[in-house]
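Both backbone and side-chain heavy atoms feed into the values below; hydrogens, waters and symmetry mates do not. All chains are named by letter (A, B, ...) in the order of the sequence lines, taking the proteins before the strands, and each is independently numbered beginning at 1.
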Amino acid sequence: MNYDFNKIEQKWQKYWSENQTFKAVNNSDKPKYYVLDMFPYPSGAGLHVGHPLGYIASDIYARYKRHQGFNVLHPQGYDSFGLPAEQYAIQTGQHPAVTTENNIKTYRRQLDQIGFSFDWSREVRTSDSSYYKWTQWIFIQLFNSWFNIATNKAEDISVLETLFSVEGNNKVNAVCDANIELFSAEEWKSYTSKQQQKILLKYRLTYLAETEVNWCPALGTVLANDEIVNGVSERGGHPVLRKKMTQWSMRISAYAERLLQGLETIDWTDSLKESQRNWIGKSVGASVSFKILAEGENFEKGIDIFTTRPDTIFGVSFMTLAPEHELVSQITTAAQKTEVEAYVLATAKRSERDRMADVKTISGAFTGAYVEHPFTKEPVPVWIGDYVLAGYGTGAVMSVPCGDQRDYAFAKHFNIPIINIFEGADISEEAFSDKDKTIIANSDFLNGMNYKKATKRAIFELEQIGHGEGKTNYRLRDAVFSRQRYWGEPFPVYYVNGMPQMIDGAYLPIKLPEVEKYLPTETGEPPLGNATVWAWDTETNTVVANSKINNTTIHPLELNTMPGWAGSSFYFNRYMDPDNQNEIASKGALDYWQDVDLYIGGSEHATGHLLYARFWQKFLFDKGVVPVDEFAKKLINQGMILGTSAFAYEVSSYYMVNGEKHIVPLSKPIFVSKAVYLKSSVSKRKDIYDAKTFEHTEIDFQIIKLIESNVKEGFLNEPEFNLNPIHVKVEYVNASDELDIDGLKQDAEFGDDYKEAIFLGEKGQIIISDNDVYKVSREVEKMSKSKYNVVNPDHIVSDYGADSLRLYEMFLGPLEQYKPWNTAGITGVHGFLKKLWKLYVDDNGLKVTNAAPTQDHLKTLHKTIKKVQEDIENFSFNTSVSTFMIACNELTSQKCTSKDVLEPLLVLISPYAPHIAEELWSKLGHKESISTVDFPKFDGSHLVERSKNYPISFNGKMRFTMELPMDMSKDAIEKAVMAHEKTQEQLAGRTPKKIIVVPGKIVNIVG
RNA sequence: GCUGAAGUGGUGGAAUUGGUAGACACGUUGGACUUAAAAUCCAAUGUCCAUUAGGACGUACGGGUUCAAGUCCCGUCUUCAGUACCA
């Protein structure tokens, strides 16, 4: 009986599905365990071998926990709203829902054949209206909430309204828009409804605001900061501009401190936590107000700045504003007007990208205005400079050139005096910014103090004179929540007199309307502007035709849709009770499952999904919807699986005339093998122009000859050549890097021109039939279609089976690490499975017996139990695969047939290779699935050794080993070792200075 | 620049608290079986020297601590990832 993996795997996948083996129940006496994968966006390309890595790891863990007696929730779904389906719709007219459905089918088929233990009865799709009903519901809750700093949580907006009507907004301590006017209770009551709504909007956790956004004209949409990489869109690499638009925003900044503090309570990787800390960007310091000294004009307010170094306030020799700062035009003097305006214009013209790229150039302009130093009362000149960013802090800084390198460089460049306020610091070459070594001097009441003391004192003094206060600043900006896209969640929002109104939750979901075109409208409105049935009837509470809009009972609906991260910010809660019509999930389900115990996914979501999801979770916690304020206790980032690209070297021929290159067209393409390339002078030169400086090698002349006999048209000059590496499909390359030339030539994608191509093999011969081999060179790169290094798991599963794929993905290396895929290596784990099969089954059928296990058998088994259990708990899956191999090799050579050993071994292996485990388990006579059988208990008594093979070292170098009893005393060991003839040989008559004996470990003889 | 991770054979990678470096696998070489191939099995495989016995050198580089260092300490270099005029 052979190991027929295809048959076995299909059989068990069918069994699991029919018997709902992995269906989780919402109430159980067992303890709960929630294992979650980041759900995939179902792209048209399907899965490649890199995608399942994390799913395999989480599946092993979920299966392990079932063996441990846990009630395991291990769901899967699809993040199915998104740009690619919409782009495809724009190009083909195909409805994104149709494309998405097809892609999901492919994903499901591919996932199913790998044998995951997902509970598919709980599948969610973010693009289903039954799901996005709850995305819309959460949006409404955010709209109806404000953040009370006093209680440090979100509260209902009605609380705020009551406060306003009782005491105005003077005492309210809320996170809100800047520049809010103060009003009294009487004033509040006198406002019109519209005025009140406008004010409340400044407090709500989701709000409409005119914001400067990242507008991508090519995609016709706004992008979030984390959707922009190096100044261009992450998707497609299109340019991005700054543009002002009215957009929905999420007041995530309200949660900055809690998002930061929460990191302390969760077991996520340090690098990921560090990314989030950087993103939140907390800095502690002070805000200082400088009085404007203007001739004639009277400025009520001063210029506010934020600084982390209030201790250096006596070192201020100028102030710098961002060119975009609102006061620039007001304070600039007539004399400086031309210069300042020119500078402001020049900066505005430069894109964000230019400004970022060009950090070295110092530029700026003097406004002619002065502010007054709060303590010395000296005038301080006000400059503008593009090194100050409008978007951070207040867009203004107090410049302390002696303590900040940028201020220093600016001061040097414009000849502004530099005051030294540090004791013993040399500032002749650069600023002194070492906080810890700071002793303040030349600074009135701060003299002699260190950084900490001086900071505290400076803030105290500023507060005394009403010129500032201690302040904490965060880099985290509010998140823009509107997208000008079709394929996303519609807002449950309509507009009355331009003011947004929420649709009552009872009428959700508001379904995405049909449109003719998925592009923005001609007037520049988002795609939903194309919908003809997209108005809200407040009497029937239904969506009706736009033509009925009367602005009394029927109003226009919001045309934007929500961003990609909306649907993924709470899905982990929805899995707990996915079919609930009345709530995100029932209280019972939420109380039972609580949170995710283990979350596995890519690190690319560090500052996107993982931050927003934490934000929504905290908000839902504040509203009493969910029982915990962090959604995932532990998170692991799986590393990426890279492709091993293969290259063939194509000959490109040319000749030089007067330093100019002329291409020589060839009648047939010529490729040379890796060895030929290495023997050629081409591999040693840097560019084509130094060809002459290298002697032609023997192989070079051979290639030139070949070129000459394959030239399309005659030419006179001597041909020179280059060897260009060309990607070839990895499926035509075997484990020894040999290229299947016939296969490649017949490949449709390779092109007709290449059917006649000449291949020069390793020995430098033209390859005819099998007289020589052609080797490619290899390089590790990201998997991508264009590099022909993508490996489809379908092929692996059909050639080697799902169990081999699962084992091999784990065997490649540590889960978190980036590592290259090389299909050739899979024969190792596949061979192991065959060998394992043979341990149980031979030509006559099952060979397992009831024979009592020997001491050796038990030792192997228990050593394996111990190691595998430790490995799974440490997520070190690669080493447990090795452990299985060792166990299998040992038991094979021990000729073990004992059921008492082979049965528990199957349970150990079943999380990794569930199909073969189920098959052998049933062959052993079991009627039930192996998936919930108890994990074998480790018994250390089988591992107790009676003797130890001691390594005997001389001066730290191991020379020989000696078998000695474990219970031998130190002295006895020393005696035994000294008596050994090899010891005397090593010592050659010398007397050892010292003998180190570590019982059970090592003996080291010094001297 | 800052933050985080990492650097071990031809390759992927092992190596609990410092205690026999290179487990396991790929690849390579040789052999068995076969008409042949595949599959399977056996042996060798860090580098160098040596016929053997054996020896020298080896975990990015330079130092140090220790009886003993891939592991601990100091310094340097390189790679990858994130982030960046953040005041």
Side-chain angles (χ1 to χ4, degrees), chain A residues 2 269-279 281-283 285 305-309 312 320 322 355-356 358-362 385-389 391-400 403-407 409-410 433 473-475 603-604 606-607 637 639-640 644 734-737 778 780 807-808 811-814 816-829 831-832 834-835 838 867 870 874 876 878-886 888-889 949-961 985 992-998 1000-1007:
Chain A
N2 280 329
T269 59
D270 287 339
S271 69
L272 199 141
K273 286 189 191 179
E274 202 53 38
S275 292
Q276 293 212 346
R277 281 190 201 109
N278 285 339
W279 198 259
K282 181 180 184 175
S283 40
I305 60 99
F306 173 74
T307 179
T308 55
R309 296 292 304 273
T312 64
T320 317
R355 257 171 92 168
M356 281 205 300
D358 184 19
V359 177
K360 294 273 150 60
T361 320
I362 294 158
D386 68 358
Y387 79 96
V388 178
L389 305 177
Y392 184 78
T394 60
V397 301
M398 64 175 211
S399 301
V400 184
D404 182 285
Q405 192 52 42
R406 289 156 307 171
D407 295 343
F410 195 89
S433 54
N473 208 34
Y474 298 91
R475 195 176 77 97
S603 56
E604 67 273 20
T607 51
N637 293 126
M640 198 186 289
T644 315
N734 73 6
S736 315
D737 292 349
R778 312 213 77 162
V780 173
L807 281 175
Y808 189 50
F811 188 60
L812 281 177
E816 294 94 332
Q817 204 166 298
Y818 278 53
K819 51 214 172 248
W821 176 271
N822 197 341
T823 304
I826 201 169
T827 53
V829 291
F832 155 71
K834 284 200 245 182
K835 206 166 168 183
K838 283 189 197 160
K867 179 84 172 105
E870 282 170 4
N874 294 323
S876 173
N878 54 326
T879 48
S880 36
V881 179
S882 306
T883 307
F884 292 138
M885 290 173 172
I886 293 166
C888 183
N889 289 344
N949 196 21
Y950 279 91
I952 313 299
S953 309
F954 293 81
N955 297 318
K957 281 172 191 157
M958 205 280 286
R959 292 301 167 195
F960 62 95
T961 61
E985 211 174 281
K993 283 185 201 143
K994 205 171 175 185
I995 299 169
I996 313 277
V997 178
V998 185
K1001 286 250 162 102
I1002 198 169
V1003 177
N1004 191 17
I1005 298 165
V1006 187

Requested in this report: Write down the distance separating the P atoms in B:rU79 and B:rU8, rounded off to the nearest Å.
Outcome: 14 Å
When both distances are under 3.5 Å in a Watson-Crick or G-U wobble arrangement, the nucleotide paired with B:rC61 is B:rG75
As its Watson-Crick or G-U partner within any shown strand, both distances under 3.5 Å, B:rU16 has none
Judged by whether its glycosidic angle lies within 90° of 0, B:rG9 is syn
Between CE of A:M640 and P of B:rC80 the distance, given in whole Å, is 14 Å
If you compare every side-chain N and O of A:R475 against the phosphate oxygens of B:rA84 (OP1, OP2), does one of them come in below 4.0 Å? yes
- Query: What is the nucleic acid contact for A:K993, judged by heavy atoms within less than 4.0 Å: base, sugar-phosphate only, or nothing?
  - Reply: nothing
By the Watson-Crick or G-U definition, both distances under 3.5 Å, B:rU51 is matched with none
Quiz item: Parallel, tilted or perpendicular for A:Y392 and A:F306, by the 30°/60° rule?
Solution: perpendicular
In Watson-Crick or G-U wobble terms, with both distances under 3.5 Å, the base opposite B:rU8 is none
Q) Has A:Y818 got a side-chain N or O lying under 4.0 Å from the OP1 or OP2 atom of B:rC80? A) no
Between A:F410 and A:Y387, how do the two ring planes meet: parallel, tilted or perpendicular, split at 30° and 60°?
-> tilted
Picking from B:rU3, B:rU40, B:rG12, the nucleotide nearest the side-chain atoms of A:K838 would be B:rU40
Of the listed B:rA68, B:rU20, B:rC26, the closest approach to the A:N1004 side chain comes from B:rA68
A:D270 atom CG is separated from B:rU83 atom P, nearest whole Å, by 18 Å
With the side chain defined as heavy atoms from C-beta on, A:M885 is closest, among B:rA14, B:rG82, B:rC24, to B:rC24
Per atom distances to the A:V388 side chain, the nearest of B:rU17, B:rU83, B:rA87 is B:rA87
From CH2 of A:W821 across to P of B:rG13 the rounded distance in Å is 14 Å
Heavy atoms under 4.0 Å, any strand shown: does A:Q405 hit a base, just sugar-phosphate, or nothing? nothing
Partner of B:rG70 under the Watson-Crick or G-U wobble criteria, both distances under 3.5 Å, comes out as none
task = Would you classify A:S271 as touching base, sugar-phosphate or nothing, given that sugar-phosphate means primed atoms plus P, OP1 and OP2, and contacts are heavy atoms under 4.0 Å?
result = sugar-phosphate
Worksheet item: How is A:N889 classified with respect to the nucleic acid when contacts are heavy atoms under 4.0 Å: base, sugar-phosphate, or nothing?
Response: sugar-phosphate
### Task
Sticking with atom C1', work out how far B:rG18 lies from B:rG64, rounded to a whole angstrom.
15 Å
Report task. Please measure how far the P atom in B:rC41 lies from the corresponding atom in B:rC73, and state the result in whole Å. Result -> 45 Å
Between CD1 of A:I826 and C1' of B:rC24 the distance, given in whole Å, is 16 Å
* To do: Determine the Euclidean distance between corresponding C1' atoms of B:rA21 and B:rG70; express it in Å to zero decimal places.
  => 7 Å
Verify, without hydrogens or angle tests, whether A:T644 (side chain) and A:W821 (backbone) share a donor-acceptor contact under 3.5 angstrom. yes
When rounded to whole Å, the CD1 to C1' distance for the pair A:I995 and B:rC67 reads 11 Å
Categorize A:N878 for me: base, sugar-phosphate, or nothing, with a 4.0 angstrom heavy-atom threshold over every strand shown. sugar-phosphate
task: Look at all strands and tell whether A:K994 reaches a base, only sugar-phosphate, or nothing, counting heavy atoms closer than 4.0 Å.
output: sugar-phosphate
Among B:rA25, B:rG13, B:rU83, the one nearest any side-chain atom of A:K819 is B:rG13
If we ignore hydrogens and angles and just use 3.5 Å, is the side chain of A:R475 paired with the main-chain N or O of A:N278 as donor and acceptor? yes
Judged by nearest nucleotide, the residue sitting upstream toward the 5' end of RNA chain B, A:P814 or A:R959, is A:P814
For residues A:N889 and A:K835, is any side-chain donor paired with an opposing acceptor at under 3.5 Å? yes
Q. Is a side-chain N or O of A:N1004 found less than 3.5 angstrom from the main chain of A:G956, in a donor-acceptor match?
A. yes
Of the listed B:rG82, B:rC85, B:rG12, the closest approach to the A:L812 side chain comes from B:rG12
OP1 or OP2 of B:rA68 sitting under 4.0 Å from any side-chain N/O of A:K957? no
With heavy atoms under 4.0 Å as the rule, sort A:S399 into base, sugar-phosphate or nothing.
-> nothing
A:N637 atom CG is separated from B:rA6 atom P, nearest whole Å, by 14 Å
Of the candidates B:rA87, B:rG4, B:rC24, the side chain of A:E274 sits closest to B:rG4
Checking N1-N3 plus N6-O4 or O6-N4 for Watson-Crick, or N1-O2 and O6-N3 for wobble, each under 3.5 Å, the partner of B:rG1 is B:rU83
Establish, from distance only, whether the side-chain atoms of A:T320 and A:S399 form a donor-acceptor pair under 3.5 Å.
yes
In Watson-Crick or G-U wobble terms, with both distances under 3.5 Å, the base opposite B:rA39 is none
TODO: Quote, to the nearest angstrom, the P distance that separates B:rU66 from B:rA50.
DONE: 38 Å
As its Watson-Crick or G-U partner within any shown strand, both distances under 3.5 Å, B:rU28 has B:rA44
Task: Separation between the P atoms of B:rA5 and B:rA87, rounded to whole Å - done: 22 Å
Rounded to whole Å, the CD-C1' distance (A:Q817 to B:rU8) equals 12 Å
* Asked: Does A:Y474 reach the main-chain N or O of A:S283 with its side chain, forming a donor-acceptor pair under 3.5 Å?
  -> no
Heavy-atom nearest nucleotide on RNA chain B taken for A:V1006 and for A:I1002; more 5' hit belongs to A:I1002
Taking only the P atom of each, what is the distance from B:rU20 to B:rU71 in whole angstrom?
14 Å
In whole angstroms, the gap separating P of B:rG1 from CG of A:N278 amounts to 17 Å
Is any side-chain N of the basic residue among A:K867 and A:E870 closer than 4.0 Å to the acidic one's carboxylate O?
-> no
